[in-house]
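Letters A, B, ... mirror the listed sequences (proteins, then strands); counts begin at 1.
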Amino acid sequence: MFEILAKKELAPHIKWIRVKAPLVARTAKPGQFIVLRLHERGERIPLTLYKWNKDEGYIELVFQEVGKTTYEMGTYGVGDKIMDIVGPLGKPTEIENYGNAVVVSGGVGAPIGYAVARALKEAGNHLTVIAGFRSKDYVILEDEFGKISDELLITTDDGSYKRKGFTTTVLEEYLNQGNKVDFVFTVGPVIMMKLIAEITRKYEIKTLASLNPIMVDGTGMCGACRVTVGGEIKFACVDGPDFDAHQVDFDELMLRLKQYNREEKLALERYLKGGA
Amino acid sequence: MAKQIKKQRIKVPEQDPVARIHNFNEVALGYTWDLAVEEASRCLKCPYSYAPCIKGCPVNVNIPGFIQKILERDIKGALEVIHTTNSLPGITGRVCPQEEQCEMNCVMGKLGDKINIGKLERFVADEARKQGIYPDIPQVEKKGKKVAIVGSGPSGLTAAADLAKMGYDVTMYEALHEGGGVLIYGIPEFRLPKEIVRYELKFLKMLGVKIVTNVVIGKTFSLYELLDEYDAVFLGTGAGTPKFLNLPGVNLNGIYSANEFLTRINLMKAYQFPEYDTPITKGKRLAVIGAGNVAMDAARSALRIGYEEVYIVYRRTREYMTAREEEIKHAEEEGVKFMFLVSPIEFIGDENGNVKVLKLIMNELGEPDSSGRRRPVPIPGTEFGLEVDAVVFAIGQKPNKVLYQEVPELKTTKWGTLIVDEKYRTTMRGVFAGGDAVRGEATVVLAMGDGKKAAKAIDEYLNGEPWPEEIKPANFW
Ligand SMILES: Cc1cc2nc3c(=O)[nH]c(=O)nc-3n(C[C@H](O)[C@H](O)[C@H](O)COP(=O)(O)OP(=O)(O)OC[C@H]3O[C@@H](n4cnc5c(N)ncnc54)[C@H](O)[C@@H]3O)c2cc1C
Ligand SMILES: Cc1cc2nc3c(=O)[nH]c(=O)nc-3n(C[C@H](O)[C@H](O)[C@H](O)COP(=O)(O)OP(=O)(O)OC[C@H]3O[C@@H](n4cnc5c(N)ncnc54)[C@H](O)[C@@H]3O)c2cc1C
Ligand code: FES
């Protein structure tokens, strides 16, 4: 059992929790994730490691309430226990001193972006963070990003905070201004990652995308998480979650994420009505 | 003059096929006391040194010995006879291919039907469980040495039990949230109720084995760390990585590996969605590609979650199917349809990316291949489509390499299986391995046999037997 030590609401339906998980915290690296199961009847869902503390034995997660499991987890408070947590899973992000690195995150991609951005900064990169959010209310981790980045470009889809526009527009502008970029890491909605990859392909910039397919075990045993990269089948949980963004079949990933839309809707409605 | 021996097997009651495809309860209901005694009385009681059944058993269960105890109606005695070499009788009694092992050479076969050894073994385990009987736990002197077991499938369980009985301090690490390996996530409830696996795990705990779930070796701890902390390590990580055919459309929604399909159903209880949170694609028609036990399990599970028409799609002919006869028979009784001499060539989906058509081509049998089986050869111009809502790949698995990815010292074969010598020693000092991780896909009882022999080899190593300079690869098949 894994106890929740602290909890905060960062934005509507976006929550931060700190959970006791000493074995995970011990070897966690940026870009890795965990799989958790809330209780006996729960589904196994993956969440990325936002922060962790080896000495105190805790990990921190940021999650958005989108379906039954995340809504239910949103009701868990300090002192409540999550039944199972396994990790750290996946390959850590390849961190090196690339020179000028840009992290582009969208929505709740921000916590993953943060873990990687921090490591890139520590490795000596000049770090630019482009973080996009739906609107002012949904802006999260601004201070955290501010502390580690050389440049922080926040944008909102509707222009209600900082500037208006998508992260793609911001990246394009940044490159047009003649900024030299050696490496891009992107995480967020699949459509965003796809468009970011199209831009950096033109500029021939090495780009990694952190993929978020549906997973079950997270250990390479089921193939639920399979994605096509460079024409080959890869399992995101063990071969990824990061892949060369220029090789990923994002359209396929978008369709695969819709696999259980009907069932997810049913489960959520039933849950919100107090069914389970 | 001895009384007349009954030539026919005593039948095992089974759930009616029409009823059972709507539930996940066990198909074979098992013997009652009276039926078990009647079947046991057919045994000719070959002497221990001769009994061909014992020789046919990969873990050498003293079969005439426990059958004698059944005749004496001594359930604890029967259980203890079995437990001296097999600590998982409730499992092996159900899933072993007895017809190729113990029962194959049964002398009774010359006079009539062979003894139903599997169902008698199962009876002993079930009756003991019903009465809450466990074998006595031997009091042994602690050795003061620690062994780590990686993976909680049958090879790991057996190695753990034997080492604990010898007095070692044993810790077993499992990646999933529950122990048992394929027994818990793969083999369906209607063939192996999970309650039985849990009961056997409980016995392991009684022996003092610590079972730590939610730990992936290679991620949570490295193998190097285990070697620092333990005196020896056994790898029973199985062959858990599913294979797919890289055909157009293979990643459409509704196309599963058997592992995912069965894990969602067995481990995550998707058949009880939305009571349980994990969903699974439902529909009318499902095709399973492959013809082994795994394929039968997937097909029969599909019927139980509501598919009306389920096809087994196989590229060769019936006589080449690798599934056990009993499984094929059960699948047929339940209405699974078989399509022989066809191979998949493409999957076609709708605008939402859901699979709708499985395109197949017909084959004829050509020359024998390296396995001696006649090779299927596609017949040009015979392509056709089968409308489906889901497809399950059951074409085999390979070892999961999460653990060895970062351990260059561990050498593997070209199939990805770990290289070990005849004492189950890997190419890394202090590390042993067995089961599917070494054999590729094999069977529960072979994995158990490996676990047993590896436990013995570990004991010898920890008693000072030197580690060889060079590991001479053993051949297991
Ligand atoms: C490696 C990895 C890391 C992730 N890290 C985070 C994280 O740090 N924070 C976070 O909020 N989410 C993260 N996700 C997504 C998260 O796992 C899903 O949001 C979660 O599984 C939804 O479960 P649910 O039962 O609440 O919703 P469901 O009922 O399962 O789904 C509701 C909606 O969410 C969408 N959805 C389902 N699964 C995913 C998914 N894997 N990715 C994106 N959308 C999905 C569905 O399409 C559906 O529209 C990550 C996913 C992966 C694979
Ligand atoms: C659907 C299905 C039906 C079958 N039916 C039969 C049958 O009827 N009869 C029969 O004899 N055989 C059957 N088999 C085959 C049999 O189940 C296997 O041969 C047997 O389970 C192999 O045992 P094992 O100990 O090698 O490993 P497994 O049972 O494969 O267990 C390995 C365990 O190790 C864990 N693991 C892997 N890597 C790590 C890691 N790095 N860290 C921690 N844990 C790890 C896995 O999660 C898993 O739990 C079937 C197999 C399947 C899939
Ligand atoms: S989640 Fe099962 S293989 Fe990746």
Side-chain angles (χ1 to χ4, degrees), chain A residues 2 21 23-24 26-27 32 35-45 67-69 72 83-91 216-228 231-233 235 237-238 249 251-256 258-264 266-267 270-271 275-276, chain B residues 174-178 185-186 212-216 218-222 225 237-238 240-246 249-264 267-270 272-282 349 351-354 393 397 400-403 405:
Chain A
F2 300 81
L23 294 188
V24 181
R26 213 174 58 90
T27 53
Q32 289 189 299
V35 165
L36 65 77
R37 190 174 73 131
L38 288 181
H39 48 68
E40 196 54 51
R41 293 170 173 244
E43 188 175 10
R44 292 172 64 101
I45 69 157
K68 155 91 208 278
T69 304
E72 190 172 3
M83 191 159 190
D84 299 292
I85 294 186
V86 58
L89 301 174
K91 290 189 176 154
V216 181
D217 58 305
T219 66
M221 180 271 274
C222 77
C225 63
R226 64 195 194 275
V227 288
T228 302
E232 276 181 56
I233 299 176
F235 289 4
C237 69
V238 286
D249 184 342
D251 295 331
E252 179 184 274
L253 176 58
M254 273 185 258
L255 289 176
R256 282 187 70 76
K258 290 193 200 149
Q259 176 149 1
Y260 299 105
N261 269 4
R262 208 179 35 186
E263 291 83 3
E264 286 157 353
L266 184 105
R270 187 169 172 276
Y271 173 71
Chain B
E174 168 56 48
L176 291 171
H177 57 255
E178 191 167 356
Y185 76 72
V212 187
T213 52
N214 293 319
V215 169
V216 185
K219 294 287 173 193
T220 317
F221 295 109
S222 72
E225 285 177 296
T237 47
T241 298
K243 292 186 200 160
F244 291 92
L245 296 171
N246 202 351
V250 64
N251 293 344
L252 286 166
N253 294 335
I255 302 181
Y256 291 98
S257 71
N259 266 2
E260 181 184 356
F261 191 72
L262 293 169
T263 298
R264 282 181 181 270
L267 184 69
M268 307 310 297
K269 304 246 182 315
Q272 295 186 50
F273 178 86
E275 289 295 319
Y276 281 71
D277 293 342
T278 304
I280 193 155
T281 298
K282 297 215 176 151
E351 66 286 1
N352 295 317
N354 299 319
F393 271 99
Q397 271 130 241
N400 190 333
K401 54 187 181 352
V402 174
L403 186 141
Q405 253 165 6

Nearest 0.5 angstrom please: A:Leu255 CG to B:Glu351 CD, how far?
10.0 Å
For A:Arg256 and B:Asn253, indicate whether the former's side chain and the latter's backbone hold a donor-acceptor pair under 3.5 Å.
no
Among residues at least two apart in sequence or on other chains, which ones pass side chain to side chain contact (heavy atoms under 4.5 Å, CB included) with A:Arg41?
A:His39, B:Glu275, B:Tyr276
When only pairs under 4.5 Å are counted, which of A:Gln259, A:Arg262, A:Met254, A:Glu263 shares the most heavy-atom pairs with chain B?
A:Gln259
Greatest number of heavy atom pairs closer than 4.5 Å to chain B - which of A:Glu40, A:Gln32, A:Arg226
A:Arg226
For B:Asn352 and A:Lys258, indicate whether the former's side chain and the latter's backbone hold a donor-acceptor pair under 3.5 Å.
no
For A:Cys222, is there any backbone N or O sitting under 3.5 Å from a side-chain donor or acceptor partner on B:Ser257?
yes
Show your reasoning for whether side chain to side chain contact (heavy atoms under 4.5 Å, CB included) applies to A:Val86 and B:Val216.
CA-CA 8 Å; A:Val86 58; B:Val216 185; 3.6 Å; yes
Can you see whether B:Thr263 engages A:Asp217 through a side-chain donor-acceptor pair at a distance of less than 3.5 angstrom?
no
Can you find a heavy atom in the side chain of A:Leu23 that is under 4.5 Å from one in the side chain of B:Val215?
yes
With a 4.5 Å cut-off on heavy-atom pairs, point out which of A:Gly67, A:Gly90, A:Gly218 contacts chain B the most.
A:Gly90
Turns out that what part of B:Phe273 lies under 4.5 Å from chain A's heavy atoms comes down to side chain
Checking A:Leu266 against chain B: side chain, backbone, both or neither under 4.5 Å from a heavy atom?
side chain
Salt-bridged, A:Arg37 to B:Glu178, with N to O below 4.0 Å?
no
Okay, side chain of B:Asp277, backbone of A:Lys68: is any donor-acceptor separation there less than 3.5 Å?
no
What residue in B:Leu267, B:Asn354, B:Asn246, B:Ile280 has the most heavy-atom pairs under 4.5 Å with chain A?
B:Asn246
Proximity breakdown for B:Lys219 and chain A, heavy-atom pairs closer than 4.5 Å
both
Yes or no on side chain to side chain contact (heavy atoms under 4.5 Å, CB included) for A:Ile85 and B:Asn214, after CA distance, side-chain angles and deciding distance?
CA-CA 6 Å; A:Ile85 294 186; B:Asn214 293 319; over 6 Å; no
Considering only heavy atoms, which portion of A:Thr27 lies under 4.5 Å from any heavy atom of chain B: side chain, backbone, both, or neither?
side chain
Side chain, backbone, both or neither: which part of A:Val227 has a non-hydrogen atom closer than 4.5 Å to chain B?
backbone
Once you round to the nearest 0.5 Å, how far does CD1 of A:Ile233 lie from CG of B:Leu245?
8.5 Å
Heaviest contributor of heavy-atom pairs below 4.5 Å to chain B, chosen from A:Gly231, A:Ala267, A:Ala224, is A:Ala224
Toward chain A, the part of B:Leu262 with a non-hydrogen atom under 4.5 Å
neither
Which bit of A:Glu252 is near chain B, if near means a heavy-atom gap under 4.5 Å: side chain, backbone, both or neither?
side chain
Heavy-atom distances under 4.5 Å only: say whether A:Ile45 touches chain B with side chain, backbone, both or neither.
neither
Side chain / backbone / both / neither for A:Arg26 at chain B, heavy atoms under 4.5 Å
side chain
Which bit of B:Phe393 is near chain A, if near means a heavy-atom gap under 4.5 Å: side chain, backbone, both or neither?
neither
Quick check: do B:Gln397 and A:Met221 have side-chain heavy atoms less than 4.5 Å from each other?
no
What is the ring orientation for A:Tyr260 with B:Tyr256, classed by angle as parallel under 30°, tilted 30 to 60°, or perpendicular over 60°?
tilted
